[in-house]
Amino acid sequence: MRLLLIGAPGSGKGTQAEKLAERFGIAHISSGDLLRQHVQDQTALGRTIKSYLDRGDLVPDALVMDMLRKPVVAAVEAGGYVLDGFPRTVEQAQASFPTARALGAEVQAAIHLDVPSEELVRRLLARGRGSDDTEAVIERRLQVYLDKTVPLLEYYADREWMFAVDGTQAPDAVHEDIVAGLKKLALPW
Ligand code: AP5
Ligand code: MG
């Protein structure tokens with residue numbers, strides 16, 4: 001199964017991706033986690049991207065896509081993926097589509113985790129992941145979401161494989177809503 005999770009910072013992408021990966025035996029691929037790992041390991045990529053993460057700005061598309069190619073290919077061979085945080089712009093969706101199609105790895109369902117912004121800020125301040133969970137950077141990440149990712153939701157809006165769930169419920173209830181939505185799509189798994 002090949003799934004995308006789309007949602008604002010703090011909407012629960014990581015939380016839900018983990019549950020879906022476990023339930024369906026697919027790989028959880030988080031662009032943000034992989035980027036943060038590069039920063040922590042001080043790789044060449046990590047040194048290049050640190051300032052973007054610290055500001056809450058998007059990392060350039062080519063860097064993110066190069067980083068994801070290998071894990072996505074490996075996941076497709078092993079039974080599927082749940083992508084958490086990619087694509088997050090219309091440009092990324094358009095740029096990655098031909099590669100995905102060539103690999104027979106197109107997404108089968110995209111799930112929008114819908115959570116109002118007051119709740120997002122509350123969750124992120126409570127979590128305090130590191131340099132990007134400060135009030136100023138959270139505000140920037142939310143603005144980037146509105147400017148860059150909301151248009152992606154509009155771009156996908158008429159696809160029959162895209163649906164939204166109420167992300168304000170408890171994590172297990174959100175998970176069950178996602179599974180119910182996937183069942184309606186009758187994906188082969
Ligand atoms: P990324 O790591 O993707 O961060 P994000 O989108 O800001 O989202 P978070 O990881 O903060 O939240 P989440 O939605 O995963 O929620 P979580 O489950 O953790 O990106 C970070 C940065 O990397 C970007 O700013 C950018 O610089 C770069 N980047 C990443 N992808 C990129 C791309 N494609 N292109 C360019 N740049 C890219 O939950 C949050 C908190 O809420 C947790 O404490 C959790 O326990 C809690 N929680 C979760 N669900 C619930 C619930 N249902 N009820 C109550 N609490 C809940
Ligand atoms: Mg996350």
Side-chain angles (χ1 to χ4, degrees), residues 3-22 28-40 45-69 71-72 81-97 99-100 107 110-153 155 164-178:
L3 309 176
L4 299 186
L5 285 176
I6 307 175
S11 59
K13 298 184 297 296
T15 304
Q16 295 302 323
E18 219 167 276
K19 291 179 184 292
L20 290 165
E22 197 181 322
H28 171 197
I29 302 176
S30 161
S31 49
D33 287 351
L34 292 171
L35 291 166
R36 280 185 291 279
Q37 192 63 48
H38 275 279
V39 172
Q40 196 182 317
L45 175 62
R47 288 193 296 273
T48 309
I49 63 175
K50 184 178 186 311
S51 63
Y52 292 92
L53 296 183
D54 287 347
R55 286 195 304 272
D57 282 332
L58 295 182
V59 169
D61 291 350
L63 299 179
V64 179
M65 289 173 55
D66 283 350
M67 175 188 77
L68 289 176
R69 192 162 296 123
V72 169
Y81 57 72
V82 49
L83 266 176
D84 150 12
F86 181 91
R88 63 209 275 151
T89 67
V90 173
E91 291 76 12
Q92 290 181 357
Q94 290 174 334
S96 56
F97 180 72
T99 314
V107 59
I111 300 121
H112 170 208
L113 296 174
D114 196 10
V115 178
S117 46
E118 317 82 70
E119 169 70 5
L120 299 169
V121 174
R122 197 188 60 73
R123 285 184 191 177
L124 293 173
L125 287 174
R127 181 183 60 184
R129 171 164 66 198
S131 55
D132 74 343
D133 276 350
T134 63
E135 218 163 327
V137 181
I138 289 169
E139 194 180 312
R140 175 69 192 147
R141 286 157 63 201
L142 289 173
Q143 191 59 50
V144 170
Y145 172 75
L146 293 175
D147 292 345
K148 303 283 192 172
T149 307
V150 170
L152 175 67
L153 292 171
Y155 175 73
V165 297
D166 174 4
T168 63
Q169 310 170 84
D172 284 342
V174 177
H175 175 68
E176 291 309 326
D177 274 6
I178 294 173

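Atoms within a ligand are numbered from 1 in the order they appear, just like the ligands themselves.
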Derivation of the side-chain hydrogen bond (donor to acceptor under 3.5 Å, both in side chains) call for Q143 and D147: CA-CA 6 Å; Q143 191 59 50; D147 292 345; 3.2 Å; yes
Should V39 and L35 be marked as a side-chain contact (heavy atoms from CB on, under 4.5 Å) after you check the CA-CA gap, both sets of side-chain angles, and the distance that decides it? CA-CA 6 Å; V39 172; L35 291 166; 5.8 Å; no
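Contacts of Q169 with ligand 1, taken as heavy-atom pairs under 4.0 Å, involve the backbone alone.
Close approach of ligand 1 to D57 (heavy-atom distance below 4.0 Å) involves ligand atoms 26 (C), 27 (O). Applying the 4.0 Å criterion to heavy atoms of L124 picks out, from ligand 1, the atoms 11 (O). Residue contact check: L35 has heavy atoms under 4.0 Å from atoms 23 (O), 28 (C), 29 (N), 30 (C), 38 (C) of ligand 1.
Here the protein heavy atom with the shortest distance to atom 49 (C) of ligand 1 is T15 OG1, 3.3 Å. Protein heavy atom closest to atom 22 (C) of ligand 1, with residue, atom name and distance, is L53 CD2, 3.5 Å. For atom 37 (N) of ligand 1, the nearest protein heavy atom (residue, atom name, distance) is V59 N, 3.0 Å. In this structure, the protein non-hydrogen atom closest to atom 35 (N) of ligand 1 is Q92 NE2, 2.8 Å. With respect to atom 31 (N) of ligand 1, the closest heavy atom belonging to the protein is S31 OG, 2.7 Å.
The number of heavy atoms from other shown groups lying within 6.0 Å of CD (E22) does not exceed 12. Within a 6.0 Å radius of OH in Y155, other residues, nucleotides and ligands contribute more than 12 heavy atoms.
Proximity of R55 to ligand 1 is not established, as no heavy-atom distance is less than 4.0 Å. Heavy-atom distances between A126 and ligand 1 stay at or above 4.0 Å for every pair. Using a 4.0 Å heavy-atom cutoff, V115 is absent from the residues neighbouring ligand 1.
The heavy atom nearest to atom 2 (O) of ligand 1, considering only M67, K50, R36, R123, is found in R36. With distances taken over non-hydrogen atoms, the option nearest atom 20 (O) of ligand 1 out of R141, M65, E91, R88 is R88. When G14, P171, A173, G56 are ranked by how near their heavy atoms come to atom 15 (O) of ligand 1, first place goes to G14. For atom 19 (O) of ligand 1, the nearest non-hydrogen atom from the set K13, R127, E119 belongs to R127. Here atom 34 (N) of ligand 1 lies nearest to G85 when heavy atoms of P60, G85, G10 are compared.
With rounding to the nearest 0.5 Å, the separation of CG in L152 from CD1 in I6 is 4.5 Å. Distance OG/S31 to CZ/R36: 8.5 Å, rounded to 0.5 Å. Note that CG of L5 and CD1 of I29 are 12.0 Å apart. Values are rounded to the nearest 0.5 Å. Residue S30 holds its OG atom at 9.5 Å from CG of L83, rounded to the nearest 0.5 Å. Here R123 contributes atom CZ and E119 contributes atom CD; the two are 4.5 Å apart, rounded to the nearest 0.5 Å.
Cation-pi geometry between R141 and Y145 is not met: the NZ or CZ atom fails to fall both under 6.0 Å from the ring centre and inside 45° of the normal.
Salt bridge status for D172 with K19: present, with a side-chain N to carboxylate O gap under 4.0 Å.
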